[in-house]
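In this chain, residues are counted from 1 in sequence order.
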Amino acid sequence: MPKAVVVRATGGPEALEFAEVEARSPGAGELLVDVAAAGVNFIDCYHREGRYPLPLPFVVGLEGAGRVSAVGPDVAGFAVGDRVAWSQAPGSYAEQVVVPAAGAVAVPEGVDDDTAGALLLQGLTAHYLVASTYPVREGDVVLVHAAAGGVGLLLVQLAKARGARVIGTVSTEAKEALAREAGADEVIRYDRVDFAPEVRRLTDGAGVAAAYDGVGRTTFDGSLASLRPRGVLALFGASSGAVPPVDPQRLNQAGSVFLTRPSLGAHLATREELEWRAGELFAAVADGSLRVRVGGRYPLAEARRAHEDLEGRRTTGKLLLTP
C-alpha cells in the first residue's frame with residue numbers, strides 16, 4: 001500500500017501522520033502519478049490547522065511533480081511515462097496521487113523534477129500577481145513582502161523582468177542577501193525599521209504602484225500606507241494571520257487605492273490560461289532568466305519538521321518533500 005501524510009484531526013504540525021493509505025486508480029479525466037517531489041506551501045498549513053476546512057481525514061498537499069503511471073478514461077494529451085507537474089491536486093504529500101488531467105502540465109526537457117515540483121503553485125501565483133492583478137509596467141515601483149520566501153523570490157525576478165524597480169522586505173541579513181541576489185533594488189529589514197516610512201523615503205514620498213502582500217495581519221496597515229494614489233494592495237496570503245475587517249473609507253483616505261484578495265484558482269479559469277502561465281514560467285526557467293531556489297528537502301515521513309520550519313520562518317525559497 002502507498003504511504004502518505006494524513007491529517008485525522010486538525011491542529012499543529014503534530015497532526016501530520018505518515019501512514020499507509022488505500023491505493024487508488026484514476027477515474028475519467030484523471031492521471032495516477034508516482035510523485036517525485038511534493039511542494040510545501042502555507043496553504044497546506046492552513047488546511048492542517050483547519051483555517052481552510054477539509055473533510056477529515058485527508059492527505060495534505062496540493063502541488064508536485066512526477067511520472068504518470070496510469071491514465072484514466074477520456075484523457076487526451078498524456079500517456080504512461082510522461083513527466084507532469086501540478087498545483088492543485090489534493091493529496092499530493094504522497095507516494096502516489098490522482099491528478100486531474102485538466103490541471104496537469106507537461107514538464108519540458110531540461111527542467112528537473114525538483115524544479116518542476118517547486119515551481120508551479122508559487123510560480124503561478126507570482127505570475128498572476130505581476131501579469132494580471134497589477135500588470136507591472138516599465139518604470140513601476142513595487143513592494144514585495146517576504147522577498148526571500150518562495151513566492152517572494154519569484155515575484156522579485158518576474159517584476160524585474162517587466163522593468164520594475166523592486167523594494168523588498170525581509171527579516172534577516174541572510175534573507176536580505178538572497179533578495180538582492182534575486183534582483184531587488186532596495187531591501188528593507190523590517191526587524192530593524194518601520195517599513196512604510198522607509199518606502200516613502202525610498203520613493204521620495206510618492207509611494208509604490210503595487211504592494212504584493214502575502215504576510216497579512218502584521219504588514220497590512222504598512223502596505224496600505226506605502227501605496228501611491230490609486231495604487232493596488234494585492235493581499236494574496238496571510239502567513240502572519242488574518243487581516244481584521246477593513247472599513248472601505250480607509251481606501252479613500254489612502255488616496256483612492258485598490259484592495260484585492262486574489263486567489264490562484266480564479267486565475268486558472270481555463271486550460272488555456274494554465275498553459276499560458278505555466279508555459280511562460282517553464283520557458284523562463286529553461287532560458288535561465290528565472291531561478292527557483294529550493295531551500296530545503298525533507299523525506300515525506302518528515303513532513304512535520306517541514307511545517308515546523310516553514311511556520312517558524314526558518315526557511316528561504318521553496319521546501320520539498322520527497323518520497
Side-chain angles (χ1 to χ4, degrees), residues 41-42 118-119 121-131 133-228 231-240 257 262 281 284 289-295 310 313-319:
N41 299 284
F42 267 106
L119 176 62
L121 195 148
Q122 293 178 336
L124 292 169
T125 298
H127 188 280
Y128 82 67
L129 287 168
V130 302
T133 302
Y134 176 80
V136 174
R137 296 180 290 271
E138 183 80 28
D140 280 337
V141 184
V142 300
L143 175 64
V144 175
H145 285 301
V151 176
L153 288 171
L154 298 173
L155 266 173
V156 170
Q157 294 176 76
L158 293 178
K160 286 296 295 180
R162 288 173 164 261
R165 177 187 174 206
V166 177
I167 301 172
T169 68
V170 299
S171 59
T172 69
E173 183 177 351
K175 291 181 178 182
E176 178 180 355
L178 288 173
R180 292 192 185 278
E181 183 182 344
D185 299 279
E186 310 283 353
V187 180
I188 300 171
R189 289 281 300 278
Y190 57 71
D191 60 320
R192 293 179 174 176
V193 300
D194 186 352
F195 72 85
E198 186 67 2
V199 168
R200 289 290 173 184
R201 185 187 71 79
L202 291 170
T203 59
D204 296 324
V208 296
Y212 298 113
D213 190 339
V215 178
R217 181 177 55 81
T218 61
T219 53
F220 179 83
D221 290 340
S223 294
L224 197 61
S226 298
L227 295 175
R228 74 183 186 191
V232 175
L233 171 47
L235 181 70
F236 66 93
S239 61
S240 70
V257 300
L281 291 169
S289 62
L290 182 66
R291 291 170 296 162
V292 180
R293 176 181 172 81
V294 176
L310 181 65
R313 300 189 179 278
R314 295 188 289 270
T315 67
T316 59
K318 184 72 176 208
L319 304 186

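Taking the charged nitrogens against the carboxylate oxygens, E181 and R291 do have a contact shorter than 4.0 Å, which makes a salt bridge.
Side-chain contact between I188 and I167 is present, with heavy atoms from C-beta onward closer than 4.5 Å. The closest side-chain heavy-atom distance from V151 to F236 is below 4.5 Å.
The side-chain hydrogen bond (donor to acceptor under 3.5 Å, both in side chains) test with D185 singles out one residue from R180, R165, K160, and that residue is K160.
Contact record, P135 with D140: O-OD2, 4.2 Å, taken as the closest heavy-atom pair. The two residues V292 and A118 come nearest to each other via the heavy atoms CG1-CB, 3.8 Å. Pairing each heavy atom of V142 with each of A164, the nearest pair is CG2-CB, 4.3 Å. Of all heavy-atom pairs between N41 and K318, the closest is OD1-NZ, 2.6 Å. Among all heavy-atom pairs drawn from L178 and A148, the shortest one is CB-CB, 4.2 Å. Between F220 and L233, the shortest heavy-atom contact is CE1-CD2, 3.5 Å.
Between L119 atom CG and L124 atom CG the span is 7.0 Å, to the nearest 0.5 Å. The line from CD of Q122 to NE2 of H127 is 15.5 Å long, rounded to the nearest 0.5 Å. Taking CZ of R314 as the start and CG of L310 as the end, the distance is 9.5 Å to the nearest 0.5 Å. The structure places OG of S226 at 5.5 Å from CG of L143, a figure rounded to the nearest 0.5 Å. Atom CD of residue E186 and atom CZ of residue R201 lie 7.5 Å apart, to the nearest 0.5 angstrom. Between the CD atom of E138 and the CZ atom of R162 there is a distance of 11.5 Å, given to the nearest 0.5 Å.
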Take F195 and L202, measure what side-chain contact (heavy atoms from CB on, under 4.5 Å) needs, and give me the verdict at the end. CA-CA 10 Å; F195 72 85; L202 291 170; over 6 Å; no
Go through the steps to decide whether L281 and L290 satisfy the test side-chain contact (heavy atoms from CB on, under 4.5 Å), and finish with yes or no. CA-CA 8 Å; L281 291 169; L290 182 66; 3.9 Å; yes
When you look at T125 and L154, which way does the side-chain contact (heavy atoms from CB on, under 4.5 Å) test go after all the steps? CA-CA 9 Å; T125 298; L154 298 173; over 6 Å; no
T316 vs K175, test: side-chain contact (heavy atoms from CB on, under 4.5 Å). Steps then yes/no. CA-CA 7 Å; T316 59; K175 291 181 178 182; 3.8 Å; yes
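Looking only at distances, a side-chain donor or acceptor of R200 sits under 3.5 Å from a matching main-chain atom of G205. The main-chain N or O of Y190 is never found under 3.5 Å from a side-chain atom of T169 such that the two would form a donor-acceptor pair. S240 places a side-chain N or O within donor-acceptor distance of the main-chain N or O of V215, the cut-off being under 3.5 Å. Between the Y212 side chain and the Y134 main chain, a donor and an acceptor come within less than 3.5 Å of each other. At distances below 3.5 Å, not a single donor-acceptor pair connects side-chain atoms of D194 with backbone N or O atoms of P197.
No hydrogens or angles considered: nothing links the side chains of S171 and D191 as a donor-acceptor pair under 3.5 Å. When only modelled atom types and interatomic distance are considered, T172 and R313 share no side-chain donor-acceptor pair under 3.5 Å.
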